[in-house]
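Below you'll find the structure, written out as structure tokens, and then a few comments.
Both backbone and side-chain heavy atoms feed into the values below; hydrogens, waters and symmetry mates do not. Here, residue 1 is the first one in the sequence, and each next residue gets the next number.
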Amino acid sequence: MSLTHDAASAPSTPPSAGRRFRAYTSKHLDELTARAGLGTDERLAVRAVATVLPFRVNSYVIDELIDWDSAPDDPMYRLVFPQPDMLPEADVSRIADLLRQDAPRQELNRVANEIRAKLNPHPAGQMDLNVPKIGGQDPLEGMQHKYDETVLFFPKQGQTCHAYCTYCFRWAQFVGEPDLKFASGEVDHLVRYLKDNPQVTSVLFTGGDPMIMGEGVISRYVEPLLEVETLESIRIGTKALGYWPQRFVTDPDADDTLRLFERVVESGKNLAFMAHFSHPAELESDLVAEAVRRIRGTGAVIRTQAPLIRTINDESAVWERMWRTQVRMGMVPYYMFVERDTGPQDYFAVPLARAYEIFQGAYKNVSGLARTVRGPSMSATPGKVCVDGITEIAGEKVFMLHLVQARDADLVGKPFFAKYDEKAAWLFDLEPALGATHFPYESAPPADVSSLVDPARA
Ligand SMILES: *Cc1c(COP(=O)(O)O)cnc(C)c1O
């Protein structure tokens with residue numbers, strides 16, 4: 001197909017569509033929270049939170065996605081704007097005091113870093129557990145190889161997003177702390193690694209958001225992979241369809257980007273576009289519809305995923321609407337995630353029992369075409385753990401679980417059980433059920449040796 005012709009005949013794109021990207025940062029926060037109707041103290045508390053956690057939004061999100069009449073309760077507003085009570089009150093008032101006194105930048109940073117360090121900035125051992133080595137050489141920066149068949153790659157230029165989600169589990173890399181970052185500029189190493197490891201069939205570009213990179217940069221990462229015969233799919237994990245669909249319609253490099261997707265497909269690989277959509281409101285604009293149509297026109301497959309977040313999308317009806325709309329638009333629902341154990345997790349977490357109810361309440365109403373979705377799923381250190389149900393076995397109320405992904409591939413798909421706990425919100429809150437001493441991904445606890453000790457010699 002001719003993309004240039006396609007762009008010319010694009011239906012009714014809104015007048016703001018062609019405008020260049022404009023970012024809003026913490027400098028604009030006071031003005032924007034005033035627009036949401038917050039009072040002086042609340043606005044200061046929001047600024048305090050944004051001193052610790054990253055804030056960034058753009059003109060499309062501000063003008064087209066947020067319903068300002070409903071702010072600050074609007075889910076799109078809550079998706080991108082820090083909440084005054086997202087962090088422990090003592091931390092917020094400590095920073096608010098410093099802001100009130102116009103404390104020097106250095107002092108603010110020092111206190112902000114102390115608070116960040118308490119927020120588990122690198123869940124699932126992100127910095128140290130997953131980095132592969134090539135023939136005993138230095139570990140590869142910005143690469144994770146946790147599951148046999150898939151490698152994650154974090155391009156150096158992809159370490160930001162078109163806007164930041166308040167709940168982002170990668171928040172630490174956006175706060176200007178060099179040693180909390182995790183990125184790679186080395187595609188040659190990746191290609192060599194893939195050739196040495198033919199069991200890897202899928203490379204997942206992630207970040208940040210790889211689609212923040214211009215076509216000229218991203219193609220330098222993607223093109224060399226087309227030569228790797230054993231590679232079956234190239235995935236791009238991105239929120240750009242939700243936060244800046246212009247990237248695929250009216251941006252200067254939109255057409256070139258689509259041509260790059262076409263080249264991937266022509267090379268005989270699947271270009272899997274992993275779109276992060278948190279709420280059905282993100283699917284409503286004409287611009288998104290046009291972006292989806294154009295991406296699908298390249299032969300790429302769009303799959304969708306998002307975490308379940310308290311106060312943003314914690315209702316079955318929201319997920320049902322999202323999955324139905326996605327199927328209509330030709331996208332494939334993929335994962336519903338559980339909010340990870342990092343950052344303001346206490347604020348956003350939905351307990352596993354409730355998460356399961358929300359998932360099931362939506363899943364039961366959609367057609368089989370939307371039941372490609374898996375969840376609620378926890379991306380934890382041993383792998384991705386899915387909550388399959390809540391039931392009673394031999395008089396004991398239990399969670400039924402299985403690993404969708406596992407470091408130890410033999411465990412994938414095997415069911416296991418945990419004691420039911422209404423409050424449990426993460427894997428480490430769970431205990432083995434039905435007399436088991438440990439979960440399948442844990443090693444057996446040491447046998448109790450006390451009974452073997454000879455009492456005469458003790
Ligand atoms: C989710 C994830 C993947 C991909 O898993 P799929 O189930 O194939 O989507 C790969 N690596 C890591 C570290 C992940 O968290």
Side-chain angles (χ1 to χ4, degrees), residues 33 36 38 42 45-46 48-50 52-55 57 61 65-67 70-89 91-92 118-121 123-124 163-171 239 242-243 276-282 304-323 333 335-363 373-380 384-387 390 399 420-430:
T33 49
L38 301 193
E42 271 181 318
V46 170
V49 172
V52 177
L53 298 170
F55 168 71
V57 65
V61 177
L65 295 189
I66 292 173
D67 173 4
S70 311
D73 297 329
D74 176 58
M76 286 298 99
Y77 175 89
R78 299 185 69 89
L79 180 58
V80 289
F81 280 87
Q83 304 301 315
D85 51 352
M86 246 166 78
L87 294 174
E89 208 181 320
D91 291 334
V92 175
K118 294 188 288 189
L119 297 172
N120 187 25
Y164 294 151
C165 305
T166 40
Y167 58 70
C168 181
F169 75 93
R170 294 232 170 90
W171 62 272
K239 181 93 189 161
Y243 281 165
H276 175 183
F277 284 115
S278 320
H279 194 276
E282 292 169 287
T304 61
Q305 53 191 16
L308 172 62
I309 303 293
R310 194 179 69 84
T311 74
I312 293 178
N313 60 18
D314 54 339
E315 281 173 49
S316 295
V318 168
W319 287 86
E320 182 179 332
R321 188 143 69 89
M322 198 147 63
W323 295 336
Y335 272 132
M336 174 204 268
F337 291 117
V338 176
E339 170 66 353
R340 289 176 78 156
D341 55 329
T342 177
Q345 195 224 6
D346 295 341
Y347 186 81
F348 289 121
V350 176
L352 299 176
R354 177 76 191 124
Y356 169 71
E357 262 175 35
I358 292 170
F359 180 88
Q360 204 268 341
Y363 192 81
V373 69
R374 277 92 37 86
S377 166
M378 286 173 271
S379 279
K384 283 195 173 70
V385 177
C386 186
V387 182
I390 297 166
F399 285 116
Y420 178 78
D421 173 350
E422 193 186 19
K423 295 208 180 74
W426 193 251
L427 198 57
F428 49 52
D429 297 328
L430 297 178

Determine, stepwise, if the pair Leu53 / Leu87 fulfils side chain to side chain contact (heavy atoms under 4.5 Å, CB included). CA-CA 9 Å; Leu53 298 170; Leu87 294 174; 4.0 Å; yes
Kindly indicate whether the side chain of [X], heavy atoms from C-beta on, has any atom under 4.5 Å from the side chain of [Y].
X	Y	answer
Gln83	Tyr77	yes
Gln345	Pro123	no
Val61	Leu79	no
Phe359	Val373	yes
Leu65	Glu282	yes
Pro333	Trp319	no
Phe337	Ser379	yes
Tyr363	Ser316	no

Looking at [atom1] of [X] and [atom2] of [Y], how far apart are the two atoms once the value is rounded to the nearest 0.5 Å?
X	Y	atom1	atom2	result
Tyr356	Met336	OH	CE	11.5 Å
Glu42	Asp85	CD	CG	8.5 Å
Asp346	Glu339	CG	CD	10.0 Å
His279	Glu315	NE2	CD	8.0 Å
Leu352	Phe399	CG	CZ	5.5 Å

Restricting to non-hydrogen atoms, name the atom on [X] and the atom on [Y] that form the minimum distance, rounded to 0.1 Å.
X	Y	result
Ala353	Glu422	CB-O, 4.3 Å
Val350	Arg354	CG1-CG, 3.6 Å
Thr342	Leu119	OG1-O, 3.3 Å
Lys384	Tyr335	CD-OH, 3.4 Å
Phe81	Thr166	O-CG2, 3.2 Å
Leu430	Ala424	CD2-CB, 3.7 Å

Show your working on side chain to side chain contact (heavy atoms under 4.5 Å, CB included) between Met322 and Thr304 and close with a plain yes or no. CA-CA 10 Å; Met322 198 147 63; Thr304 61; over 6 Å; no
Compile the donor-acceptor pairs under 3.5 Å between side chains in residues 307-314 and protein atoms, sequence neighbours left out, one pair per line.
residue : atom : partner : partner atom : Å
Arg310  : NE   : Tyr347  : O            : 2.7
Arg310  : NH2  : Tyr347  : O            : 2.8
Thr311  : OG1  : Arg78   : NE           : 3.2
Thr311  : OG1  : Arg78   : NH2          : 3.4
Asn313  : OD1  : Ile309  : N            : 2.6
Asn313  : ND2  : Ser278  : O            : 3.0
Asn313  : ND2  : Pro307  : O            : 2.9
Asp314  : OD1  : Thr311  : N            : 3.2
Asp314  : OD2  : Thr311  : N            : 3.4

Using a 3.5 Å distance criterion without hydrogens, assess whether the side chain of Asp74 forms a donor-acceptor pair with backbone atoms of Asp67.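 Yes: the side chain of Asp74 pairs with the backbone of Asp67.
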Please walk me through it: do Val52 and Asp91 pass side chain to side chain contact (heavy atoms under 4.5 Å, CB included)? CA-CA 10 Å; Val52 177; Asp91 291 334; over 6 Å; no
